[in-house]
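In what follows, a single structure is set out as structure tokens and then discussed.
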Amino acid sequence: MAYEFSPETEKKFQWLLTRYPKKDAVLIPILHKVQSEIGWLSPESMEYVAGRLGLSPARVREVASFYTFFRLDRKGKYVLQVCQTMSCYLRGSDEIVAKLQQLLGIQAGETSADGLFSIEKVECLASCSTAPVMQVNDWDFHEELDLERVEKIVALLKQGRGGHACYEKRVADGGVA
Ligand code: FES
């Protein structure tokens, strides 16, 4: 499907151009913006970005595919990334994944039929001292997880009530009805 920047992304793009001395330095930040807008980097969006920056599509794809934080496949609205590295593994990350799979009816690596959720097993999320941890999209980080909190997070996301850790904590503390 054809892609072009939304007005908001266009505004961000124009701003980024003023912040960097070279156009190609804008590539990574604008790819982040596109991904946050459409949920992944479609081939069309990468081609469009290449055109806007005067780069080859191959160069844009090369950069996008190098970094694991860029998603080149369509995912769910909420991508639940559970760390599987040692500290998290020793503190029950397998059980977190099993709980998510049970709640959502999909396996790790899959996307739910309603397009809402994807589950991913990932390597260290750089918060080993607060294991086990899970990241929702690029914007929400949950630490020292247990199965009860996993259930609450999924329930909130299903209700479209965000999922920011601070919000979840306020709900848990009784601060949100
Ligand atoms: S081992 Fe899980 S965050 Fe580092």
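When a ligand or atom number is given, it counts from 1 through the structure's own listing order. Note that this is a predicted model, so its numbers are computed, not measured.
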### Query
Can a salt bridge be assigned to the pair Glu47 and Arg61 using a cut-off of 4.0 Å between side-chain N and carboxylate O?
no

### Query
Is it true that Ala126 lies under 4.0 Å from ligand 1, counting heavy atoms only?
yes

### Numbered atoms and elements of ligand 1 in range of Thr85, under 4.0 angstrom, heavy atoms
1 (S)

### Task
Applying side-chain hydrogen bond (donor to acceptor under 3.5 Å, both in side chains) between Gln81 and each of Glu120, Glu123, Lys121, report the one that passes.
Glu120

### Query
Would Glu10 and Arg52 pass as an ion pair if we require N to O under 4.0 Å?
yes

## Note on the structure
ligand 1 to Cys128, heavy atom cutoff 4.0 Å, flagged ligand atoms 1 (S), 3 (S), 4 (Fe)

### Task
Find all atoms of ligand 1 within a distance of less than 4.0 Å from any non-hydrogen atom belonging to Val133, and give their numbers and elements.
3 (S)

### Query
Do we see a donor-acceptor contact under 3.5 Å between the side chains of Ser118 and Glu110?
no

### Task
State plainly whether the residues Glu144 and Arg149 are in salt-bridge range, i.e. N to O under 4.0 Å.
no

### Query
Taking only heavy atoms of Cys83, which atoms of ligand 1 are found under 4.0 Å from at least one of them?
1 (S), 2 (Fe), 3 (S)

### Option with minimal heavy-atom separation from atom 2 (Fe) of ligand 1, where the choices are Cys88, Ser127, Ser93, Ser87
Cys88

#### Entry: Proximal ligand 1 atoms for Cys124, defined as those under 4.0 Å from one of its heavy atoms
1 (S), 3 (S), 4 (Fe)

### Query
Less than 4.0 Å between a side-chain N and a carboxylate O, is that true for Glu8 and Lys11?
no

